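Below: one structure, written as C-alpha cells.
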Amino acid sequence: MPEMNLVQAINDALRVEMRADPDVVVLGEDVGKVGGVFRVTQGLYDEFGEDRVIDTPLAEGGIIGTAVGMALYGMRPVPEIQFADFIFPAYDQIVSEVAKYRYRSGGEYTCPMVIRTPVGGGIRGGHYHSQSPESLFIHNAGLTVVCPSNPYDAKGLLISAIRSDDPILFFEPKRVYRAVKMDVPEGDYTLPLGKAKVVKEGNDVTVIAWGAMLFEALASAEEVAAEGVSAEVIDLRTLWPVDIDTIVESVKKTGRVVIVHEAPKTCGFGGELLSLVVEKAFLHLEAPPVRVTGWDTPFPYTLEMEYLPLQHRITPALLETARYVP
Amino acid sequence: MQTQAQVVPIRTPDATFADDVLSVIERDGSLRSETDPKLPQETVLRFYRAMVRTRIIDGQLERLQRQGRIGFHIGSLGEEACILGSAAAMRPNDWIFPCYREFGALLWRGFPLQTYVDNMYGNADDVVKGRQMPDHYTGKPYRFGSVSSPIGTQITQAVGFGWAARRKGTDEVVSVYFGEGATSSNEFHTGMNFAGVMNAPVVFLCRNNRWAISVPSEKQTGSATFAQKGVAYGVRGVRVDGNDVLATYKVVREAVERAARGEGPTLVEMLTYRLGGHSTSDDPRAYRAQDEVEQWRRTDPILRLRTHLEALGVWDESKEEAYKQEVEAELKACVAAAEAKAKPSLESMFDDVFAELPWHLKEQREQLLGGPRAKDHH
Ligand SMILES: Cc1ncc(C[n+]2csc(CCOP(=O)(O)OP(=O)(O)O)c2C)c(N)n1
C-alpha cells in the first residue's frame, strides 16, 4: 500500500473520481497548470485537460456561482477556494444558494458539489491565511461540513463527498498537508460521512477534536496518561451533521468532556457541541464541560502559537476536568 | 403614436478610452518630446534612486526569508517604475490605498525603513503590532492605507474614502493599487460602478503584471485590454507603459489633476511584468516559460531609466555602486535593530479588537497570561 501525505491522498481521491465519472470537474484559482498553491490538484490538468481542471478568474463568488450552475445541470463540480479566509466573496452563493437549492425548489433542483478549502493556522499565515470558519457554515441549514485529520480518512471521505447528492464543505487542515504520512489504499474506497472515530479509547475524560488539533489532543492524551488519566479522543471527521451517538456514548462513559478547536470560542462549534452534550447527557456529567479554543481575537501572526489551543493548553484542561470534584 | 422605445442615454456618454499605450523613454535613453512630462533632473534622479532602493530591499528581504529570518515577503521586482511613478504623481495631500506589492510607494511617502523592516519581523515596534503577515503594513500619517490579503477589498473602500474627502470640501484624491487579477473580483466592478455614479476622485491603478500567481492575464478577462473596462462604468480608461516611470508619472498625474478638479475617476492600466515569483512562497518556473521572463527582463524599468540618465551624463557605475552600498548599509542596520527587538507582548493580542476591552477579553487575557506558554514559538 502506498504511503501518502494529506495532499497526495486528496489528489488521489480527485483522480479516482475524475477517472470514474466524467461529470466531475475541478475549478478554482491556480488549480490548473500549477496544480494549486498547495499542489493538491497537481497533475490533474495534464491528465484531464483544461475543460475539467479549470483555472478560473480571481473571483470566489464566480467560482461557486458557476459551480452551482454546473451542478444544477447535472455535473459534479469540486471547486477549490484557495484559502478558507478567501471564501467570503462566495459566502452569498454558498449560504443563500448552495445551501438552499434543494429546499427552496421543493427538491426539484439539487446542488451536489464539494467545496474544498484549506483551513487552520500554525503556518505563519497571519489572520488571512489561518482561520477556521466552520461554524459560519454549520449554522446555515443545508450544508454538510467535513474536516479530515489524516490522509486515509481524507481520501475515503472526499470520494464519499463527491458521490453525495448534497453540497459539502470539505475543510483541509493545511498544517497537516505534508506533516503526516500513512498507508492509503490505492483506487476506490469510501468512508461514511457523519461518522466520528474514537481514535484512542479511555475512561476518565472525553476529548473532541478535528483537523490539525486532533494531533494536539492525542499528544495531550498521552501526556496525561503518564499522570494516570485515561482520555478518550474522538476525531469528529464530519462536523455537521455531527455523529451525536459516538459523542454521547463516550460522555456517558467518562462523564467529562473537553472540546478543542482553533476557531474563536464565542459562537464556535464547541459551543454547539457543549449544548448537545448538556441536552443529551446532562445526568451523566461529573464535571463542567470545557472548551479549549482560539481566543476571541482575529488570528495573530507573531503570537500564533499562543493563540492556538495546542497541547500546552489541552493538557491542563484534561487534568483539571478529569480530576474535578464537585 | 410612438412605437419604439425612445433611445435616451442615461447620461451623455463621456468616458474616453484610448487603447494606445503612452510611453516616454526610448530604447536609446532619449525622451519622446510629445509625451515627456519635463520634470527637473533632480526629480528624475530621485525616481531612479527610489526604484533602485526598492529593488535592493526586495533582494535582501528575499534572502532573509530563505534564511528563515523572516516568514514571508511579497516583492515588486520589475514593477518598480509603475509603483514609484504612480506614487510620485500623487500630491502630498492625496491618499494611497495599497494592494500588497507597493512598499516602494510607502517608503516614497517617507515611511521609515526601520518601521517597514519591523513589520517584516512582526516585532514589538511593528505598526500592526505583529498581527499580520510581513508586508501587511499601514501608514495613516503618510496618507497611506492598510494592507489586507483579500483581493480587491481596497477598491470600493478607496471610492468611499475619496467621496468622503470631496464631501468634506477637500480636493484630495485617492489612488488605489491592485493587480489585473483583482479586476475579476466583485469589488473591482462594484468600485468602478460606484466611482462612475458618484464621480469619486479616485485613480484606479491596475498593475497589469501579466500574472496572478500562476494564472496569466488572458485568463482573467475576455476583453482586449483592462483599461477598456472603464468604458461601461463611465470611468475614463487609459493605458500606460508601466515600465516607464516618466510615462506612468505623467498619466497618473493627469488623472489626479482631473479628479481633483472634479472631473471624475480614471482607470489606469499600467503594463508591466512580475519578474519574480508571486511571493517567497511561489516558484514561477512551475508555470511560465523562462523565455518570456528573459524577454521582459530586456524592458527592465530600472535599466531603461538608467540608460536615460547615463545618456544625460548624470549617472554612472561609480554612482550606482556608491548608492547601492549606502542602501545596503542602511538596510543592514535596520535588520540588525529589528532582530534585536522584542516580540509584541502577550497582552497586546487582545488590544484593538474593540476600542475598550470587554469582559470576555479581559477574562481570556487573564487565562492566557496565567496559563502555560506555548513551546514552539517562531
Ligand atoms: C479574495 C482572495 N482570493 C484569493 C486570494 C489569494 N491570492 C493572493 S494574491 C492572488 C493573485 C493576485 O493577482 P493580481 O490581482 O493580478 O495581483 P498581483 O499579485 O499580480 O500583483 C491570489 C489568487 C486572495 N488573497 N484573496
Side-chain angles (χ1 to χ4, degrees), chain A residues 29-39 42 50 54-63 82-83 85-90 92 122-130 264-266 292-317, chain B residues 71-72 121-123 126 128-134 136 148-153 179-188 212-216 219-221 278 281-282 284 286-288 343-346 348-353 358 360-361 364-365 367-368 371-378:
Chain A
E29 294 154 11
D30 304 285
V31 298
K33 206 164 173 190
V34 78
V37 296
F38 289 104
R39 304 294 184 267
Q42 196 159 44
E50 61 177 356
I54 305 163
D55 269 327
T56 67
L58 203 174
E60 289 73 13
I63 294 168
Q82 200 162 87
F83 286 84
D85 312 74
F86 305 136
I87 205 166
F88 300 108
D92 194 18
I123 53 116
R124 295 231 249 185
H127 46 243
Y128 297 118
H129 299 82
S130 304
K265 182 177 182 184
T266 301
V292 185
T293 67
W295 308 111
D296 284 343
T297 73
F299 197 104
Y301 176 71
T302 307
L303 297 174
E304 69 171 330
M305 292 308 180
E306 295 289 355
Y307 177 89
L308 288 168
L310 304 178
Q311 186 184 349
H312 69 287
R313 284 173 57 203
I314 302 171
T315 299
Chain B
F72 175 82
Y121 280 88
N123 63 28
D126 172 14
V128 305
K129 308 182 189 177
R131 292 175 186 150
Q132 291 219 70
M133 285 171 82
H136 288 59
S148 84
S149 306
I151 292 291
T153 47
E180 83 290 346
T183 65
S184 298
S185 72
N186 302 346
E187 301 297 314
F188 170 78
I213 309 186
S214 75
V215 181
K219 288 203 172 176
Q220 296 295 344
T221 186
H278 169 73
S281 316
D282 178 45
Y287 52 80
R288 70 183 184 188
K343 282 182 187 188
S345 69
L346 282 178
S348 75
M349 199 196 294
F350 298 89
D351 297 341
D352 304 322
V353 180
H360 72 288
L361 288 182
Q364 293 184 15
R365 189 175 63 183
Q367 286 168 5
L368 173 65
R373 291 284 69 77
K375 286 185 291 236
D376 178 18
H377 270 276
H378 296 310

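What you see is a predicted model; the values in this text were computed from it and never measured. First the proteins, then the strands, lettered A, B, ... as listed; each starts at 1.
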If you tally heavy-atom pairs under 4.5 Å between each of A:W295, A:F299, A:F86 and chain B, the highest tally belongs to A:W295
One option among B:G122, B:S149, B:S148, B:A182 has the most heavy-atom pairs under 4.5 Å with chain A, and it is B:S149
Applying a strict 4.5 Å limit to non-hydrogen atoms, the region of B:H360 in contact with chain A is side chain
Backbone of A:V34 reached by a side-chain donor or acceptor of B:S214 within 3.5 Å: no
What one should report as the nearest heavy-atom pair of B:Q220 and A:L58 is OE1-N, 2.9 Å
One should read off an interatomic distance between A:R313 CZ and B:Q367 CD, to the nearest 0.5 angstrom, of 8.0 Å
### Query
Taking the side chain from A:D55 and the backbone from B:V215, do they hold a donor-acceptor pair closer than 3.5 Å?
no
Closest non-hydrogen atoms of A:P298 and B:V353, given as atom of the first, atom of the second and distance, are CD-CG2, 4.0 Å
Correct closest heavy-atom pair for B:G71 and A:Y301 would be CA-OH, 3.6 Å
Can you tell me if A:E306 uses its side chain to pair, donor with acceptor, with the backbone of B:L368 under 3.5 Å?
no
When the 4.5 angstrom heavy-atom criterion is applied to A:Q82 and chain B, the contacting part is side chain
Has A:T302 got a side-chain atom pairing as donor or acceptor with B:G130's backbone, closer than 3.5 angstrom? yes
So NE2 of A:H312 and CZ of B:R373: to nearest 0.5 Å the spacing works out to 6.5 Å
